[in-house]
Amino acid sequence: MNEQLFFNTEEIFRDLNPKQREAVECLDGPLLIMAGAGSGKTRVLTYRIANLIAQGISPFNILAITFTNKAANEMKSRAEKLIGESARGVILSTFHSFCARLLRREIEITGKFNKNFAIFNASDSRNLVKLCAAEMDLGENIFSNIHLKISDLKNNLIEPEKCLKVLAEYPPFYRNGVYEVYKLYQKKLQENNALDFDDLIFSTVKIFKDYPDVLAKYQERFQYISIDEYQDTNVAQYVLTNLLADKYKNLCVVGDADQSIYGWRGADMRNILNFERDYPKAHVVLLEQNYRSTKTILQAANAVIENNIDRKPKELWTQNESGEKIKFLHCKDDRQEAAIVAREIRRLVERENFLYNEIALLYRTNAQSRMFEEKFMQEEIPYLIVGGLKFYDRKEIKDIVAYLHVIANPRDDLHLRRIINVPTRGLGVTNVARIAEFAESHGLSILEVVAAQKLLGQVEGLNTRFRASVKNFAAMMMSFTESANNLSIDQLITTVLEESGYMKMLHETTEVGKKENISREENLGAFIDSAKEFVELNPNASLEDFLNHVALITDLDAVDEKDSRVKLMTVHAAKGLEFPVVFVVGMEEKLFPHANALDRDDDTELEEERRACYVALTRAKKKLYITAAAERMFFGKMRPQEVSRFVEEIPPSCFAGSALSPVKKKSSPPKSTYKPPTAYRPAQMIPAEKKSSPRVVWQVGDQLNHKKWGFGTVMATDNSTITVSFANPEIGIKKLMKSVAPISKI
């Protein structure tokens with residue numbers, strides 16, 4: 001029986017507009033909620049959960065999935081305020097957290113992992129893939145982005161044995177290389193009793209498919225399922241969702257196709273656009289009333305997004321005031337752009353009483369931040385880069401987390417390799433490699449070998465001094481494991497820092513490194529504080545639970561909107577956030593939209609760029625600035641820039657006068673006559689008087705430099721094109737026209 005609730009349904013409905021109420025009242029059967037930006041979807045999701053419980057549904061039978069821990073915690077907090085402790089029975093989490101929790105209970109059924117498995121984050125996975133490629137003596141340049149390809153395969157539920165067929169279009173040596181590395185990578189994960197991020201969902205789906213009884217148990221448990229940000233789900237998440245919902249069909253998905261901006265990392269917008277095909281009896285609710293932005297900002301955003309064809313038509317509206325016109329700042333160059341923005345931020349703070357943390361600067365690529373950072377430092381404007389070096393990616397934090405991983409999972413060789421000689425114990429790389437090779441050949445972990453003198457004695461080439469050092473290390477790690485049973489997590493971290501000699505290492509430093517080590521000590525103190533806070537919130541949590549928590553923290557979870565600094569971030573990092581004042585900078589062709597999107601034969605990527613622009617504009621609540629530069633520095637040269645087509649799609653009535661604009665805004669040609677700058681035009685469009693460069697003969701294995709994308713290696717070639725694997729994993733593999741691509745052979 002439910003506890004006494006603090007509300008009745010009429011009190012809930014009184015806070016909702018008619019469309020929100022329609023969504024909250026629809027409890028049974030499939031439900032699609034298309035929720036525009038700022039339309040109150042978190043409120044709808046929370047109130048719908050409250051209504052389910054009010055109607056007698058057990059919290060035990062309710063599952064709600066969000067895309068960030070931050071969003072999940074916000075929903076938990078709101079739900080508890082509405083319905084009290086009943087909300088604690090509802091599972092509110094991210095996909096990865098939900099699957100990690102489920103696998104702790106079920107993974108041993110596979111016979112491959114035990115329930116204390118480690119979770120390898122993106123950095124761990126990248127390092128392990130690199131280790132696999134090195135063991136196979138594969139070219140590092142060609143396979144530099146192979147961890148991304150493996151991630152993509154997993155997100156599409158493709159196992160190593162099936163990837164050869166999927167990669168049929170790739171050159172044989174690359175296809176076979178991916179297959180061999182993927183296979184070895186999975187073997188090493190199993191040897192380490194570890195799963196990577198993608199495995200959490202992939203393994204859950206596999207268990208559901210291979211063990212119908214397990215699936216039936218969770219279908220019965222979770223009879224009412226809600227999935228937030230459904231437009232951002234990938235294939236694995238889509239399959240998992242539909243397996244769980246297959247019995248009762250009480251599936252509510254919430255999202256906005258117009259905010260689908262993560263296609264580059266596997267998100268499939270078709271999942272939400274095809275929901276009515278998957279569930280023909282689905283009830284559909286459009287949430288179009290925006291509570292965030294002014295009428296002018298929404299008019300601009302609507303005008304941009306309506307140029308996309310692949311979308312479900314809707315139009316945001318608001319009862320908010322019209323607000324100020326959008327200020328377009330067309331600057332002479334990128335240096336002036338930074339100066340104008342800095343000056344305007346200073347004016348907003350000093351004359352209009354805005355706080356620095358109420359202002360955000362959004363850009364398309366991380367490289368754009370440099371000019372603004374330099375200017376903000378000169379002007380003493382406090383700023384925070386969101387998505388820069390994250391707290392948990394700092395060396396000292398990764399070192400101590402590695403200790404904790406080995407304490408929790410002694411078979412975790414990857415993390416043990418990181419800390420076996422940190423602080424320095426005289427354990428050279430060569431000797432550690434010898435032990436690792438011996439351990440692997442005997443089916444043992446490195447720690448098992450170093451902890452047993454008899455086994456260690458069988459490893460050839462180890463001197464007496466090394467044996468003594470590694471013996472002491474093994475004894476220390478075993479004592480940490482024993483201490484873990486009696487200490488709280490924060491106490492365990494303190495013990496490891498002291499007894500390992502890590503803090504002593506930071507104290508015994510030269511004057512040159514002293515300032516940096518003081519900062520590291522402060523970070524470690526903050527890490528202990530975070531562990532203590534975690535224990536207080538989760539008194540029964542284990543060390544594995546804490547490591548799960550650390551591994552599953554996302555970029556957005558780390559964003560503190562109350563931090564008293566201007567936020568600088570990419571458009572993609574800004575999704576889910578809102579600010580009173582927003583500057584969207586660098587609105588130029590080939591920058592936003594990005595050049596990659598303009599190279600495509602179809603409009604798929606261009607439409608995603610337009611959705612990203614829509615997201616950027618709708619982050620603003622009161623004031624919106626858009627900037628562009630007439631010239632911008634690229635690779636040491638100033639290049640002329642054209643104003644983004646997205647700016648041209650905004651009605652002129654949305655813009656204020658150009659008093660702040662050093663360069664008068666030019667009217668760009670209609671889209672039908674738009675042409676990219678000369679350097680990127682097909683050869684026949686280059687003026688006749690310009691002489692062509694000498695013909696270059698390309699062969700597989702040739703190395704080149706691309707003016708924009710940097711170093712790459714030729715993987716395949718034909719009469720007119722070459723296929724290149726770029727060292728930058730964000731670029732990956734591209735097919736280029738030999739005659740026009742800005743490339744030079746090295």
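In this chain, residues are counted from 1 in sequence order.
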Assess the pair [X] and [Y]: is the distance between their ring centroids shorter than 6.0 Å?
X	Y	value
Phe222	Phe60	no
Phe120	His415	yes
Tyr174	Tyr170	yes

Is it the case that atom [atom1] in [X] sees more than 12 heavy atoms from other parts of the structure closer than 6.0 Å?
X	atom1	result
Glu161	CD	yes
Gln458	CD	yes
Met377	CE	yes
Glu437	CD	no
Lys532	NZ	no

Do you see a donor-acceptor pair shorter than 3.5 Å between the side chains of [X] and [Y]?
X	Y	value
Glu373	Ser369	yes
Asn548	Arg104	yes
Ser123	Asn121	no
Glu106	Tyr211	no
Asn538	His549	no
Glu482	Ser479	no
Lys112	Gln186	no
Asn357	Ser564	no
Ser542	Asp545	yes
Arg434	Asn431	yes

Under 3.5 Å donor-acceptor, [X] side chain and [Y] backbone:
X	Y	value
Thr204	Leu200	yes
Asn193	Asn114	yes
Asn421	Arg425	yes
Arg411	Glu191	yes
Thr241	Gln237	yes
Lys567	Arg565	yes
Asp152	Leu148	no
Gln219	Leu243	yes
Asp199	Asp196	yes
Ser441	Phe438	yes

Report task. Could you give me the CA-CA distance, side-chain angles and deciding distance for Ser530 and Glu533, then say whether side-chain hydrogen bond (donor to acceptor under 3.5 Å, both in side chains) is met? Result -> CA-CA 5 Å; Ser530 72; Glu533 181 181 352; over 6 Å; no

Requested in this report: Just do the side-chain contact (heavy atoms from CB on, under 4.5 Å) check on Asn409 and Asn116 with the steps written out, would you?
Outcome: CA-CA 7 Å; Asn409 175 23; Asn116 294 325; 5.5 Å; no

Query raised in the report: How close do Val450 and Val470 get, heavy atom to heavy atom, and via which atoms?
Result: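 So the minimum-distance heavy-atom pair works out to CG1-CG2, 3.3 Å.
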
**Report entry** Least distance between heavy atoms, Val422 atom then Tyr403 atom
**Finding:** O-OH, 2.5 Å

Check [Y] with [X], please: is the shortest side-chain N to carboxylate O separation under 4.0 Å?
X	Y	value
Lys395	Asp399	yes
Lys575	Asp232	yes
Glu180	Arg175	no

Query - Qualifying residues under salt bridge (charged side-chain N to carboxylate O under 4.0 Å, His left out), relative to Glu108, sequence neighbours excluded - result: none

Query raised in the report: Can you name the salt bridge (charged side-chain N to carboxylate O under 4.0 Å, His left out) partners of Glu159, sequence neighbours left out?
Result: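 Salt bridge (charged side-chain N to carboxylate O under 4.0 Å, His left out) list for Glu159, sorted by chain: Lys206.
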
Query raised in the report: Taking the six-membered ring for Trp, are Tyr262 and His572 parallel (under 30°), tilted (30 to 60°) or perpendicular (over 60°)?
Result: tilted

**Report entry** Residues which pass side chain to side chain donor-acceptor pair (under 3.5 Å) with Asp529, listed by chain and number, not counting sequence neighbours
**Finding:** none

**Report entry** Qualifying residue for side chain to side chain contact (heavy atoms under 4.5 Å, CB included) with Leu195, from Ile119, Ile201, Leu103, Leu189
**Finding:** Leu103

